[in-house]
Amino acid sequence: MTRKATRKTTNVELLNQLRDVLGGRRVSRGETDRLNYGRDLWPRSLLEVRQGQVPHQPDMIVWPETTEEVSRMLRICNEMRVPVVPFGAGSGLCGGAQPLCGGVVLDTKRMARIERIVPETQMIVCQTGIIGAHLENELNRHGLTMGHFPGSFGTSTLGGYLATRSAGMAATGYGKIEDMLISMQVVLADGSVNRTRTAPRRATGPDFNHLFLGSEGSLGVITSASMRAHMLPEARAYRALSFKKMDVGLDAVRQMLRLGLRPAIARLSDEADASTTLHALGVEAKDCVLLLVFEGRVARVDLEMKKALTIARELGGRDFGEATAQRWYGRRNSEQYRQSPLMTEEKLLLDTVDVSTVWANAAHLYTAMRKALSKKVSVLGVMPHAYPEGCSLAFTIISRVGSADDLAAYDAVWRLALDAAAQAGGALSHAHGIGRLKFDRLARQNPVAVELLRGMKRRLAPNDILNPGKLAPCTEGAC
Ligand SMILES: Cc1cc2nc3c(=O)[nH]c(=O)nc-3n(C[C@H](O)[C@H](O)[C@H](O)COP(=O)(O)OP(=O)(O)OC[C@H]3O[C@@H](n4cnc5c(N)ncnc54)[C@H](O)[C@@H]3O)c2cc1C
């Protein structure tokens, strides 16, 4: 394997050519910009910052506004063999947007135009640099909702969601982002533009949407997308229920979905999470707590909630009423940002391990991962999303930091987490992607798939300029 992309970004010619395309104000080599675009929100990078390091800084940052501009700038970078890293809002938790080989960071946030909203068919066409919350506000004005509410809702982009296969809090009801995508426009490394057709379903060979979904900026730059939206719900019903054990709560959710009930949100906290994060909302339970939110037409919501409560009661669930779930819902978008002071003032590091599995294995995976992680760190466990065939599990891991060994300790905990997940049959990632954090595991778990991916990268980006070193690295060693 050889490195093909080279770093010629100090080249004045590149700077001049990019300025010709974008104008002087949308190309920066400023020191502050280079520092800010040197990382995303991967907690390991936060540890590096604490130690005074931002090891991978880009040489330039650009802010294109149109597909045409992205195409022209990629053509230039491809000819000069300069790495290009697509960057949404940098809220990724795995180092996916880190410019490992320097080069140009392409910030998409000025590509935030909504091109079309079609309320009659609940469809929207828009550029992918739009922030999730802005998109949702605009949809709401037309009586629609995306139904996609990740914890980073106010600080992440549509392009980031598509490139990482994101899941929002209401994925149980509305699906993950891949369930909402209809078609997309992608600029390839040589500047050519690929569009998938806007049609509800196709039988025209493999679905090219899926080639770019989850591609983490390494196969093309997604510049626009047609997305499926939904009518704003007429009614919403909330409930908090407690269960003695996690496996009983998991089974309750499985039974609800099996009957065809579709709560928008079914979020089951283990005892540790309930007594920490839900305690602030007035939950005194020492047990696991299930938050349920049903939404949609009034009659359906009432019926579904009634049936869900029957199932919960039959399994010994205790009903806490509406208030707690309603309060949690009100705070859902700011919940994770409330953790920031813990990181800065209390010198704690919080991170999330997200995995998924089928129902038959869910309780086993939960127990195995909690047991393994608890040896090294404090753990809060949640089942945040459920599907008819299984669920995701997320573990907030909390450790004290502030010593010279922090990075080594961080890596050791993640090795433990991913070993435990692999041994207990969990998928490597449910929604956060692969990034820098998990790519060697991906290669070990599925070498054939990774070799296929590498082949696609060689074909689509033969000079390896797109986010080099990520997903299925074509090259090895330092850039
Ligand atoms: C507090 C907090 C809560 C979070 N909660 C959730 C959650 O509930 N669910 C969830 O799924 N994630 C969550 N995340 C993770 C993160 O927000 C998601 O991964 C999100 O999809 C990243 O979007 P972004 O725009 O910030 O992308 P970035 O971090 O900028 O980029 C992520 C990856 O996508 C690539 N990329 C970005 N835009 C494009 C594009 N237009 N074309 C091609 N490639 C592109 C980048 O190169 C990179 O590899 C959370 C993060 C934080 C900090």
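Positions are given from 1, in the same order as the sequence printed here. As the structure lists them, so they are numbered: ligands from 1, and atoms in each ligand from 1.
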**Donor-acceptor side-chain pairing of S45 and Q98 below 3.5 angstrom** = yes
**Fill in**
For S156, the ligand 1 atoms with a heavy-atom partner under 4.0 Å come out as 17 (O), 23 (O), 25 (O), 26 (O)
**Message:** To the nearest 0.5 Å, what is the distance between OG1 on T128 and NZ on K109?
**Reply:** 11.5 Å
**Item:** ligand 1 to A89 polar contact by distance, N or O atoms, under 3.5 Å
**Value:** yes
**Request:** Report the part of T128 in contact with ligand 1, treating N, CA, C, O as backbone and CB onward as side chain, heavy atoms under 4.0 Å; options are side chain, backbone, both, neither.
**Result:** side chain
**Request:** Kindly confirm or rule out an N or O of G168 lying under 3.5 angstrom from an N or O of ligand 1.
**Result:** no
**Message:** Can a side-chain donor-acceptor contact be found between E136 and T145 if the only test is distance below 3.5 angstrom?
**Reply:** yes
**Item:** Candidate with minimal heavy-atom separation from atom 46 (C) of ligand 1, of G217, G435, P86
**Value:** P86
**Message:** When you compare ligand 1 with G92, is there at least one nitrogen or oxygen pair between them that comes in under 3.5 angstrom?
**Reply:** yes
**Request:** Give, for atom SG of C77 and atom CE of M80, the distance between the pair rounded to the nearest 0.5 Å.
**Result:** 8.0 Å
**Message:** Can you tell me which portion of T164 lies within the under-4.0 Å heavy-atom range of ligand 1? Options are side chain, backbone, both, or neither.
**Reply:** side chain
**Request:** Tell me which protein heavy atom sits closest to atom 8 (O) of ligand 1, plus the residue, atom name and distance to 0.1 Å.
**Result:** G151 N, 2.9 Å
**Request:** Identify, by atom number and element, the atoms of ligand 1 in contact range of A163, meaning under 4.0 Å from any of its heavy atoms.
**Result:** 34 (O), 35 (C), 36 (N), 44 (N), 45 (C)
**Request:** Say whether D190 and S192, considering side chains only, have a donor N or O and an acceptor N or O under 3.5 Å apart.
**Result:** yes
**Asked** How far is atom 43 (C) of ligand 1 from its nearest protein heavy atom, and which residue and atom name does that atom have?
**Response** G220 O, 3.4 Å
**Fill in**
Among non-hydrogen protein atoms, atom 18 (C) of ligand 1 lies closest to S91 OG, 4.1 Å
**Request:** Report yes if some heavy atom in the side chain of V353 is under 4.5 Å from a heavy atom in the side chain of I397; otherwise report no.
**Result:** yes
**Fill in**
If you scan protein heavy atoms around atom 41 (N) of ligand 1, the nearest is I222 O, 2.9 Å
**Request:** Check if G433 has a non-hydrogen atom at a distance under 4.0 Å from any atom of ligand 1.
**Result:** no
**Request:** Of the side chain and backbone of N467, name the one, both, or neither that has a heavy atom under 4.0 Å from an atom of ligand 1.
**Result:** side chain
**Request:** State whether a side-chain donor-acceptor pair under 3.5 Å links D107 with Y37.
**Result:** yes
**Item:** Single hit among Q122, M123, E138 for side chain to side chain contact (heavy atoms under 4.5 Å, CB included) with I117
**Value:** E138
**Request:** From the options G160, A167, G90, S166, select the one whose nearest heavy atom is closest to atom 28 (P) of ligand 1.
**Result:** G90
**Asked** Mind checking whether M111 and T66 have side chains closer than 4.5 Å, heavy atoms only?
**Response** no
**Complete:** Looking only at non-hydrogen atoms, the one of G214, A171, G96 nearest atom 49 (O) of ligand 1 is G96
**Message:** Please check whether T108 reaches ligand 1 - meaning an N/O of the residue sits under 3.5 Å from an N/O of the ligand, judged on distance alone.
**Reply:** no
**Prompt:** Based purely on interatomic distance, does V85 place a nitrogen or oxygen under 3.5 Å from a nitrogen or oxygen of ligand 1?
**Reply:** no
**I398 vs L380 side-chain heavy atoms within contact, under 4.5 Å** = yes
**Asked** Is it the case that T196 and S183 place a side-chain donor and acceptor less than 3.5 Å from each other?
**Response** no
**Prompt:** Just heavy atoms, cut-off under 4.0 Å: does H432 contact ligand 1 by side chain, backbone, both, or neither?
**Reply:** side chain
**Message:** Give the atom numbers and elements of ligand 1 that come within less than 4.0 Å of a heavy atom of P150.
**Reply:** 6 (C), 7 (C), 8 (O), 9 (N)
**Asked** Strictly by modelled atom types, are S392 and S356 linked by a side-chain donor-acceptor pair under 3.5 Å?
**Response** no
